[in-house]
Amino acid sequence: MASEPKELHKQDGSVTASGGAADGPPAVRIEGLWKRFGEQIAVHGIDLTLPAGHFIGLVGPNGAGKTTTLSMVTGLLRPDAGLVEIGGHDVWRDPVAVKSRIGVLPEGLRLFERLSGRELLGYIGRLRGLAGDEVDKRADQLLDVLDLSGSQHKLVVDYSTGMRKKIGLAAALLHNPEILFLDEPFEGVDPVSAQTIRGVLERYTSSGATVIFSSHVMELVESLCDWVAVMAAGRIRAQGPVTEVRGDAPSLQNAFLELVGAHRGAGKNLDWLGGGAR
């Protein structure tokens, strides 16, 4: 088993666009990262360097390994092999230094649902070691910006999907992290809440912070991100500035379909479907 990661380390067929790394240390550096669940290899020894100060999309079809990769990068899931560094700190050897620098909004977010939104932020802020008056000030501002002030005393269990995403984002931002990791942050969110979240993230990155989020919606990624990594079947297919990964394709969606080898003949054998036939 120990020799297997070395065999999987090579990224055959991947593409790395020029200009994929910014000057200075990267926000995230991954080398030879892999994860197996039984006989299924979810992440195939990937190498990935994500530059600091960018809005970065990790994109891929369902089952590509995006959530597994982000879980390992943020310390939520231990890899079978490989190196992950955030701001030059090893995630698994120096977890305290890493977790003080990052904010995480994972998929399937679990919150303390019997607290109100306001109580949740107060609790998270104090866990992060912030002074009580500073927590209160930041909570007031986040609740206002995210349009949650009117629901701040409502129990989280009674929040809608969009409200839960917004209070989760507030909790991830409360300690002002250097890097924010978001797993499908717009999934199941109404357009109004999505626009609010988008505005907060754009303001956050304009200050020089880094956002890394996973998605399979190319239009969203192309409109938000300036840097992208394309993942399929547990491997990195391309990484670099959005304009370079897109290349001569009319859109990132077209480039993405080409990179992941999308099946173009879907539905051609379903001659019985439609037309009212039975």
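Since we're looking at a predicted model, the values are computed, not measured.
From Leu148, atom CG reaches atom CZ of Arg164 across 12.5 Å, with rounding to the nearest 0.5 Å. Between the CZ atom of Arg118 and the CD atom of Gln152 there is a distance of 5.5 Å, given to the nearest 0.5 Å. To the nearest 0.5 Å, atom OH of residue Tyr159 and atom CG of residue Leu120 are 8.0 Å apart. From Thr205, atom OG1 reaches atom CZ of Phe55 across 5.5 Å, with rounding to the nearest 0.5 Å. One distance of note links CD1 of Ile167 with CG of Leu143; it measures 5.0 Å at 0.5 Å rounding. Asp147 contributes atom CG, which lies 9.0 Å from atom CE of Met163 (distance to the nearest 0.5 angstrom).
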| field | Trace of the side-chain contact (heavy atoms from CB on, under 4.5 Å) decision for Val230 with Ile236 | value | CA-CA 6 Å; Val230 179; Ile236 300 298; over 6 Å; no
| query | So Leu182 and Leu169, side-chain contact (heavy atoms from CB on, under 4.5 Å) or not? Walk me through it. | reply | CA-CA 9 Å; Leu182 310 171; Leu169 178 61; 4.2 Å; yes
| request: Test Ile30 against Val73 for side-chain contact (heavy atoms from CB on, under 4.5 Å), laying out the working first. | output: CA-CA 8 Å; Ile30 299 170; Val73 169; 3.6 Å; yes
| side-chain contact (heavy atoms from CB on, under 4.5 Å) between Gln253 and Leu257, worked out | CA-CA 6 Å; Gln253 172 84 0; Leu257 293 174; 4.1 Å; yes
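The six-membered or imidazole ring of Phe213 lies away from that of Phe181, with a centre-to-centre distance of 6.0 Å or more.
Trp227 has its side chain within reach of Gln239: a pair of non-hydrogen atoms, C-beta onward, lies under 4.5 Å apart. Taking the side chain as every heavy atom from C-beta outward, Met72 and Val43 approach each other to under 4.5 Å. Between Leu224 and Ser215 the shortest side-chain heavy-atom distance does not fall below 4.5 Å. Proximity of Leu173 to Tyr204: side-chain heavy atoms (C-beta onward) are separated by under 4.5 Å at one or more points. Residues Lys165 and Pro185 have side chains not in contact (no heavy-atom distance under 4.5 Å, counting atoms from C-beta outward). In this structure, the side chains of Leu50 and Thr210 stay at 4.5 Å or more apart for every pair of heavy atoms. Annotation: side chain of Pro106 is in contact with side chain of Val104 (closest heavy-atom distance under 4.5 Å). You'll find the side chain of Thr68 reaches within 4.5 Å of the side chain of Leu77, heavy atoms only.
Looking only at distances, no side-chain donor or acceptor of Asp226 sits under 3.5 Å from a matching main-chain atom of His54. Between the side chain of Glu31 and the backbone N or O of Asp47, no donor-acceptor pair lies under 3.5 Å. Between the side chain of Ser151 and the backbone N or O of Lys154, no donor-acceptor pair lies under 3.5 Å. Under the 3.5 Å distance criterion, the side-chain polar atoms of Lys35 are left unmatched by any main-chain donor or acceptor of Gly65. A donor-acceptor pair under 3.5 Å links the side-chain atoms of Lys66 to the main chain of Pro61, judged by distance alone. Side chain of Lys166 to backbone of Leu146: a donor-acceptor contact under 3.5 angstrom is found. With Arg138 contributing its side chain and Leu174 its backbone, the two residues share a donor-acceptor pair below 3.5 Å. Between the side chain of Asp94 and the backbone N or O of His89 there is no donor-acceptor pair closer than 3.5 Å.
Applying the side-chain contact (heavy atoms from CB on, under 4.5 Å) criterion to Arg114, with sequence neighbours excluded, gives Leu155, Val157. Partners of Asp90 by side-chain contact (heavy atoms from CB on, under 4.5 Å), not counting sequence neighbours, listed by chain and number: Leu83, Trp92, Arg93. For Arg198, the side chain to side chain donor-acceptor pair (under 3.5 Å) partners two or more places apart in sequence, or in a different chain, are Glu202, Ser223. For Arg101, the salt bridge (charged side-chain N to carboxylate O under 4.0 Å, His left out) partners at least two apart in sequence or on another chain are Glu178.
The side chain to side chain donor-acceptor pair (under 3.5 Å) pairs that include a residue from residues 181-191 are Thr67-Asp183, Asp183-Ser214, Glu184-His216, Asp190-Ser193, where partners are two or more places apart or lie in different chains.
Grouped by direct or indirect side-chain proximity (heavy atoms under 4.5 Å, Ile/Leu/Val/Met/Phe/Trp/Tyr only), Val96 sits alone.
Residue Ala27 comes nearest to Ile179 through the heavy atom pair O-CD1, 3.5 Å, listed as atom of the first residue, atom of the second, then distance.
When Ile102, Leu70, Thr74, Leu180 are each tested for a side chain to side chain contact (heavy atoms under 4.5 Å, CB included) with Ile212, only one passes: Leu70.
Linking Ile, Leu, Val, Met, Phe, Trp and Tyr residues whenever their side-chain heavy atoms come within less than 4.5 Å leaves Val192 and Phe186 in two separate clusters.
Within a 6.0 Å radius of CZ in Arg203, no more than 12 heavy atoms belonging to other residues, nucleotides or ligands are found.
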